[in-house]
Peer 1: 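Can you read through this structure? Questions will come right after.
Numbered from 1 within each chain, the chains take letters A, B, ... in sequence-line order. These numbers come from a predicted model, not from an experiment.
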2 protein chains.
Amino acid sequence: MAPTSETLTAERILEATEEVLRRHGPAKATVVDVARALGVSHGSVYRHFRTKAALREAVTKRWLDRTSEKLAVIVDRDESPEERLRAWLGALFEAKRHKAGDDPELFATYTVLTDENGTVVGEHIADLTAQLTRIITAGAGSGTFPVPDPAAAARAVFQATGRFHDPCHAREWTAPGVDEEFTAVVDLLIRGLSSPSR
Amino acid sequence: MAPTSETLTAERILEATEEVLRRHGPAKATVVDVARALGVSHGSVYRHFRTKAALREAVTKRWLDRTSEKLAVIVDRDESPEERLRAWLGALFEAKRHKAGDDPELFATYTVLTDENGTVVGEHIADLTAQLTRIITAGAGSGTFPVPDPAAAARAVFQATGRFHDPCHAREWTAPGVDEEFTAVVDLLIRGLSSPSR
DNA sequence: GGAATGACAGATATTGAAATCTGTCAGCTG
DNA sequence: CAGCTGACAGATTTCAATATCTGTCATTCC
């Protein structure tokens with residue numbers, strides 16, 4: 001690597017910060033560490049991020065946005081609303097479970113980060129429910145999901161599946177039978193959305 | 001109070017432990033404190049509970065059982081399955097939210113205790129889902145809830161409402177609009193349970 | 001002149017020695 | 001003799017001194 005050769009940019013700082021977090025964990029990762037990894041003084045880092053908290057927030061946002069982007073692809077696929085809804089929820093669960101199982105320490109690190117950045121997480125959730133709303137609205141248009149308020153239905157679906165995407169339940173994602181439980185919840189919700197009685 | 005006059009019983013130790021936990025919090029509550037509160041030596045406490053962990057586990061179980069007992073009353077009420085289901089879920093949410101809002105510190109204490117006593121919590125959840133299963137089975141019998149597997153449906157309903165009873169979501173229970181969100185999720189689930197399509 | 005540096009003050013984290021706690025058990029007490 | 005006590009060893013926690021970090025800014029460098 002040639003850390004000193006290129007100009008210092010916010011992007012490079014974020015990459016270095018992710019690496020430092022991966023190596024040291026959230027408690028011991030310092031701004032000085034990040035600067036050291038980049039071969040600059042820590043004062044230079046403060047030129048791009050006003051505080052350590054702002055830096056951590058930016059890293060958190062990047063991480064969450066990567067998931068959002070993956071899921072956004074599913075929203076516009078050429079499939080029925082029900083298929084897309086199942087695929088979207090399944091992909092969300094799969095993405096989270098994979099991250100948690102793949103590198104538990106890194107996942108724990110990001111769980112700490114999300115805990116301290118409520119605002120960013122709130123925006124991420126708003127983003128995800130907006131995607132869900134688009135799918136359900138399509139279903140409302142075609143008559144598959146006869147709901148009066150797709151946005152409210154989207155929030156309900158998102159919250160009802162919380163056990164399968166909220167980090168505070170990560171421990172349960174490796175238990176035997178979670179897949180059946182996930183399917184059971186999704187089936188129940190889709191039957192609720194599909195029910196014509198209003 | 002006359003702590004030295006009565007005989008030392010497991011029950012009295014549990015009461016004293018709750019008091020010590022209330023006063024000192026989970027991190028600083030010691031067996032010595034409990035013994036001091038009872039006016040006995042800590043050796044005597046170990047006659048009734050093999051370890052500090054066992055003592056904390058027993059306190060946790062007591063606390064959880066109090067909620068179970070309250071809800072059990074609703075299961076056998078003389079109402080329709082749907083009414084009982086709504087009442088039961090509402091009471092569960094209300095009980096948890098009340099505990100969390102009433103005395104946040106004590107609630108935090110018990111959250112720590114439940115985190116360290118996975119087995120007891122597992123039994124508590126099994127107990128609650130058994131209660132739910134009874135209500136849904138009644139609905140299956142009467143045709144209100146045409147589900148093939150009431151126990152599986154109960155688990156799904158319990159998990160889908162997790163946001164409204166799992167302690168890790170306690171922070172969100174005071175947000176404005178939670179009641180509407182709760183109602184939306186319950187409505188959606190009940191519509192799913194009531195749907196005849198299988 | 002715009003970007004980077006490094007010394008600095010106050011806040012936070014680390015460390016290791018001293019204090020406290022857990023769990024045991026031989027002996028006391030009623 | 002059944003139940004309680006208190007001294008004890010090893011584990012854990014506390015506390016204060018020490019080291020490191022955060023955020024600023026006058027100065028240097030290209």
Peer 1: If you pin His48(A) and Lys28(A) to their nearest nucleotides in DNA chain C, which one's is more 5'?
Peer 2: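 Final value for this comparison: His48(A).
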Peer 1: More 5' along DNA chain C: Arg50(B) or Arg36(B), using each one's nearest nucleotide?
Peer 2: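 It is Arg36(B) whose nearest nucleotide is closer to the 5' end.
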Peer 1: Should the pair Asp76(A)-Arg134(A) be classified as a salt bridge under the 4.0 Å nitrogen-to-oxygen rule?
Peer 2: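 Salt bridge between Asp76(A) and Arg134(A), a charged N being under 4.0 Å from a carboxylate O: yes.
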Peer 1: Can you give the first and last nucleotides of DNA chain C, 5' to 3', that have an atom under 4.0 Å from a heavy atom of chain A?
Peer 2: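 From 5' to 3', the first and last contacting nucleotides are dA3(C) to dT14(C).
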Peer 1: Testing Glu15(A), Glu11(A), Glu57(A) one by one against Arg62(A) for a side chain to side chain donor-acceptor pair (under 3.5 Å), which residue passes?
Peer 2: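 Exactly one option meets the side chain to side chain donor-acceptor pair (under 3.5 Å) with Arg62(A), and it is Glu11(A).
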Peer 1: Start at the 5' end of DNA chain D and walk down; is the nucleotide closest to Ser41(B) or to Arg47(A) reached first?
Peer 2: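 Checking each residue's closest nucleotide, the 5'-ward one belongs to Ser41(B).
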Peer 1: Within the side chain of Ser195(B), is there an N or O that forms a donor-acceptor pair under 3.5 Å with the backbone of Arg191(B)?
Peer 2: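 Side chain of Ser195(B) to backbone of Arg191(B), a donor-acceptor pair under 3.5 Å: no, none is there.
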Peer 1: Starting at atom NZ of Lys52(B), determine the distance to atom C1' of dA11(D), rounded to an integer number of angstrom.
Peer 2: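 Going from Lys52(B) (NZ) to dA11(D) (C1'), I get 12 Å.
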Peer 1: Between Arg86(A) and Glu82(A) (salt bridge meaning N to carboxylate O under 4.0 Å), is one present in this structure?
Peer 2: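 Between Glu82(A) and Arg86(A) there is a salt bridge, with a charged N closer than 4.0 Å to a carboxylate O.
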Peer 1: Tell me the bend of the helix from dG1(C)-dC30(D) to dG30(C)-dC1(D) as the angle between end helix axes, each from five pairs, rounded to the nearest 10 degrees.
Peer 2: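 Between the axes fitted at each end of the helix from dG1(C)-dC30(D) to dG30(C)-dC1(D) lies an angle of 10°.
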Peer 1: Without decimals, in angstroms, what is the distance between Tyr46(B) OH and dA7(D) P?
Peer 2: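 The answer, rounded to whole Å, is 17 Å.
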Peer 1: Considering just the side-chain nitrogens and oxygens of Ser44(B), establish if one lies under 4.0 Å of OP1 or OP2 belonging to dC4(D).
Peer 2: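 The answer is no; no side-chain N or O of Ser44(B) sits under 4.0 Å from OP1 or OP2.
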Peer 1: Just call it for Val31(B): base, sugar-phosphate, or nothing, with non-hydrogen atoms closer than 4.0 Å on any strand.
Peer 2: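 It contacts sugar-phosphate atoms only.
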Peer 1: Over all heavy atoms of both residues, which pair between Asn117(A) and Thr60(A) is shortest? Give the atoms and the distance, please.
Peer 2: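 Closest approach of Asn117(A) to Thr60(A): ND2-OG1, 3.2 Å.
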Peer 1: Look at the aromatic rings of His169(A) and His169(B) and report parallel, tilted or perpendicular, splitting at 30° and 60°.
Peer 2: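 Tilted: the ring planes of His169(A) and His169(B) meet at 30° to 60°.
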Peer 1: Does a side-chain N-to-carboxylate-O contact under 4.0 Å join Asp33(A) and Arg36(A)?
Peer 2: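 Yes.
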Peer 1: How would you list all residue pairs meeting side chain to side chain donor-acceptor pair (under 3.5 Å) that involve residues 105-114 of chain B, not counting sequence neighbours?
Peer 2: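 Sorted result for residues 105-114 of chain B: empty, none.
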